Q: 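First, the structure itself, so that you have it in front of you.
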Amino acid sequence: MEQLDWIIFGVYLLFVFLLGIVVSKKASSGIESYFVADRNLPWWWLGISIIATTFAADTPLAVTGITAKNGIVGNWLWWSWAATYITVAIFFAQRWRKSGVLTDVEFIELRYDGKQAALLRGFKAFFFGVVLNCFILGWVITAAVSIASPFIQWMDLLPAFYHFMEVWYPSILLFKEDLNATLTILALLIIVLTYSSLGGIRGVILTDLVQFVIAMITSIVFAFYAVSELGGMQSIQDQLVNIYGETSARHYTEFIPSLDNPLLPFQIFLIYTLVQWWVRFDSDGTGYIAQRINTAKSAADAQKGSLLFAIAFIALRTWPWILVGLVSLVMFPIGNETINHLSEGALVAENREIAYPLIMKLILPVGLLGLTFTSLMAAFMSTVDTHLNWGSSYLTNDIYKRFINKEANQKELIKFSRRMVLLITLLAIITASQMDSIEGAWKFFINAAAGLGIAQIMRWFWWRANAYTEISAMLTAIAITFLLTYLKPENASTHYDTYGLLIITFITLVVSIITTLLTRQVGEETLKSFAEKCLPIGLWKGIVPFNQSGPKFLRTVVMWLLGMLVSFSGLFAIGHLLFGRYILSISLAIVSIVSLGLLFRMMQKENKFFE
């Protein structure tokens, strides 16, 4: 990078550092301020904040790798998650906000009763706050290493320091065995650690806004430059045909897999679209999404903000990354990666995901390269700061305050939460040093967390669900995932993990239902208190009369279908526009807009129910 690129990067780092200092006083007033910003955010702010957080540094790399290996249709791996987030926005967002909890784990003792509920709360606080959180941070750090490696050379910047670290830094803690990139990421983590621990969730969401604007603009501009470098979209399609043949080129550019597409077998597509999205650990918003929902100033804002995120998740963000993925197939042809760029091609041959930052380095001019690099590092920092604050909220509210020091004052809680931010950072560094593939981490995580999603959906719709429902589902899914991973043959199908998800889902569902029916039901007083507060729908044994919950459930399903139409019609409208299919694009855009209008009308009527 040139001097201008460094200046841009340096200005951003200074901005986020100073921002943490500026908001630190407000954040220190108490854990309500530190973790949920005093519950006063408007819908657009919390929506953009969630979008920014999920726009992690790992996402463009993973999408580039997926597109190169499995074509555009390979992205159904994560496109299907839009159904998860539409479900959260339509079914759960207002109910989360009405619950009044600080964390989603605290919700457990609102929904269940007895010692088993307390045990589950403590276990999930540790599992989410430490185990799962560090796993997610690990793969995000792994992606950031791939981005930082081609751009920052510590040997040139500070040779004496580099040689010192070369001798004394533990090799076991290197990220991808790359000391240079490791030093870059550690420096960024120190900055994130500082401003996130000082500013709490306010510092996080303020940086999210800036990061979102920078990231969206630069990803679109980068995609434009990448496509232009190869002569435009038609030229890319022609070159794909020349390199891979007409049939393979068609398979690479399909939006929905044909029955003969080997890149994504149709049965895998069905698993993604019919199963994967509802067994995810955040199938009901559990995690940092629930935390952001609880920052909303009202239940209506919670739903609108969640819906903004759910629609933008695929419709707004997808195509710049996919276009770069297609460009990588031409610039670095599979099996002949070095034909156009020798040194870069050799790196891509080892890992298709690294094509994204390498193409940046090859084609972007001075200034724009610095801004794009800054946007990816900002995306990395945005995701990390969210997970540090989120994980700290569990350890502070659901372990320390709940079990260790029930009388702790606000000052003590804030001090403890900042220590937990440091602890999670250190554990994430250790985790990242042991992680390789981003896409592989995604698939392992999806399977291991399957039990969480099943049980968390059940607790909202079925009165009989209890703490043992969640405990049994969680332990079953994790145990089977590790077993399938251990039994995985060396020559296993690339879709082994996806087929494994079916096995995990079926066994976990059976075990959790049997466990539920064999264990004590939740007390009626607890169920009534929960129903009065959260207004659930579904099967509630007279606690919520079915003649009330039944029609509400059906209306909500209609709203969900409209939300799905908005999101996926918008996604494909943009895609067909880019490929020059204008009539189809306009038709889908009309469907998306009309569906959005109908959805908003239904939402306005539903909001009266939650006032």
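Only a predicted model underlies this, so the values are computations on that prediction, with no experimental measurement involved. Worth knowing before you read on, the calculation uses all heavy atoms, side chains too, and leaves out hydrogens, waters and symmetry mates.
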Q: Is it the case that Arg317 and Thr54 place a side-chain donor and acceptor less than 3.5 Å from each other?
A: yes
Q: Listed by chain and number, what are the side chain to side chain contact (heavy atoms under 4.5 Å, CB included) partners of Leu174, not counting sequence neighbours?
A: Tyr169, Ser171, Leu179, Thr182
Q: Among all residues two or more places apart in sequence or in another chain, which pass the side-chain hydrogen bond (donor to acceptor under 3.5 Å, both in side chains) test with Trp154?
A: Thr184
Q: Within the side chain of Asp284, is there an N or O that forms a donor-acceptor pair under 3.5 Å with the backbone of Ile457?
A: no
Q: Would the distance check show the side chain of Ser472 and the main-chain N or O of Thr469 forming a donor-acceptor pair, the cut-off being under 3.5 Å?
A: yes
Q: Going by ring-ring contact (aromatic ring centres under 6.0 Å, His included), name the residues that satisfy it together with Phe373, two or more places apart in sequence or in a different chain.
A: Phe9, Phe151
Q: Under a 3.5 Å distance rule, please check whether Asn294 uses its side chain to pair with a backbone N or O of Ala290 as donor and acceptor.
A: yes
Q: Before you tell me yes or no, could you show the steps for Asn389 and Tyr288 under side-chain hydrogen bond (donor to acceptor under 3.5 Å, both in side chains), namely the whole-Å CA-CA distance, both residues' side-chain angles and the distance that decides it to 0.1 Å?
A: CA-CA 9 Å; Asn389 184 272; Tyr288 63 81; over 6 Å; no
Q: Are Glu470 and Lys124 close enough for a salt bridge, meaning some N to O gap below 4.0 Å?
A: yes
Q: Under 6.0 Å between ring centres, would you say that holds for Trp460 and Phe107?
A: yes
Q: Less than 3.5 Å apart, which donor and acceptor atoms pair up between the side chains of residues 10-20 and the rest of the protein, not counting sequence neighbours?
A:
none

Q: State which residues pass ring-ring contact (aromatic ring centres under 6.0 Å, His included) with Phe35; sequence neighbours excluded, sorted by chain then number.
A: none
Q: Within the 3.5 Å criterion, strictly below it, is a donor on Glu106 or Asn397 matched to an acceptor on the partner's side chain?
A: yes
Q: Would you indicate whether the side-chain heavy atoms of Thr207 and Asp385 approach each other to under 4.5 Å?
A: yes
Q: Ring-plane angle category for Phe313 and Tyr85, please: parallel below 30°, perpendicular beyond 60°, tilted otherwise.
A: perpendicular
Q: Is the Trp76-Tyr272 ring centre distance short of 6.0 angstrom?
A: no
Q: On the 0 to 90° scale, with breaks at 30° and 60°, tag the Trp168-Phe164 ring pair as parallel, tilted or perpendicular.
A: tilted
Q: For Thr318, what residues pass the side chain to side chain contact (heavy atoms under 4.5 Å, CB included) criterion, not counting sequence neighbours?
A: Trp78, Trp79, Ile314, Ile322, Leu571
Q: Pair Val63, Asn75 - check side chain to side chain contact (heavy atoms under 4.5 Å, CB included), show working.
A: CA-CA 7 Å; Val63 172; Asn75 290 283; 3.4 Å; yes
Q: Restricting to non-hydrogen atoms, name the atom on Thr64 and the atom on Gly325 that form the minimum distance, rounded to 0.1 Å.
A: CG2-CA, 4.0 Å
Q: Would you say the side chain of Ser49 lies within less than 4.5 Å of the side chain of Leu209, judging by non-hydrogen atoms?
A: no
Q: Kindly say whether Thr286 contributes a backbone atom to a donor-acceptor pair with the side chain of Asp104 at under 3.5 angstrom?
A: no
Q: Less than 4.0 angstrom from a charged side-chain N to a carboxylate O is my criterion; do Asp208 and Arg292 meet it?
A: yes
Q: Could you state the interatomic distance from CG (Leu487) to CD1 (Ile480), rounded to the nearest 0.5 Å?
A: 11.5 Å
Q: Would the distance check show the side chain of Gln410 and the main-chain N or O of Ile31 forming a donor-acceptor pair, the cut-off being under 3.5 Å?
A: yes
Q: Under the side-chain hydrogen bond (donor to acceptor under 3.5 Å, both in side chains) test, which residues partner Arg352, sequence neighbours left out?
A: Glu337
Q: May I ask you to say whether Lys361 pairs ionically with Glu344, meaning some side-chain N is under 4.0 Å from a carboxylate O?
A: no
Q: With a cut-off of 6.0 Å (strictly less than), are more than 12 heavy atoms of other residues, nucleotides or ligands near CD1 of Ile404?
A: yes
Q: Measure the CG-CG distance between Leu183 and Leu158 for me, rounded to the nearest 0.5 Å.
A: 9.5 Å
Q: Mark yes or no for whether Ser283, through its side chain, and Val279, through its backbone, hold a donor-acceptor pair below 3.5 Å.
A: no
Q: For residues Phe380 and Ala144, report the shortest heavy-atom separation together with the two atoms involved.
A: CD1-CB, 3.5 Å
Q: What are the two closest non-hydrogen atoms of Ala37 and Ile205, and how far apart are they?
A: CB-CD1, 4.4 Å
Q: Sequence neighbours excluded, which residues qualify as ring-ring contact (aromatic ring centres under 6.0 Å, His included) partners of Tyr400?
A: Phe416
Q: Locate the shortest heavy-atom distance separating Ala296 from Leu46; write the atom from each residue and the value.
A: CB-CD2, 3.3 Å
Q: Ser382 side chain to Ala379 main-chain N or O, any donor-acceptor pair under 3.5 Å?
A: no
Q: Under the side-chain hydrogen bond (donor to acceptor under 3.5 Å, both in side chains) rule, collect the residues that match up with Ser80, sequence neighbours excluded.
A: Gln276
Q: Please tell me whether Ser417 and Thr396 have a donor and an acceptor in their side chains that are separated by less than 3.5 angstrom.
A: no
Q: Does one side chain, of Thr386 or Thr53, offer a donor that lies under 3.5 Å from an acceptor on the other?
A: yes
Q: Between Arg202 and Tyr34, is there a donor-acceptor pair closer than 3.5 Å when you use the side chain of the first and the backbone of the second?
A: no
Q: With sequence neighbours excluded, what pairs up with Ile503 under the side chain to side chain contact (heavy atoms under 4.5 Å, CB included) test?
A: Ile507
Q: Is there a donor-acceptor pair under 3.5 Å between the side chain of Trp81 and the backbone N or O of Leu77?
A: yes
Q: Residues two or more places apart in sequence or in another chain: which of them pass side chain to side chain contact (heavy atoms under 4.5 Å, CB included) with Val131?
A: Phe126, Phe127
Q: Apply side chain to side chain contact (heavy atoms under 4.5 Å, CB included) to residues Arg402 and Arg121 and explain how you reach the verdict.
A: CA-CA 9 Å; Arg402 173 64 180 83; Arg121 178 179 177 180; 3.4 Å; yes
Q: Between Asn180 (side chain) and Ile152 (backbone), is there a donor-acceptor pair under 3.5 Å?
A: yes
Q: Quick one: ring-ring contact (aromatic ring centres under 6.0 Å, His included) partners of Tyr162, sequence neighbours excluded?
A: none
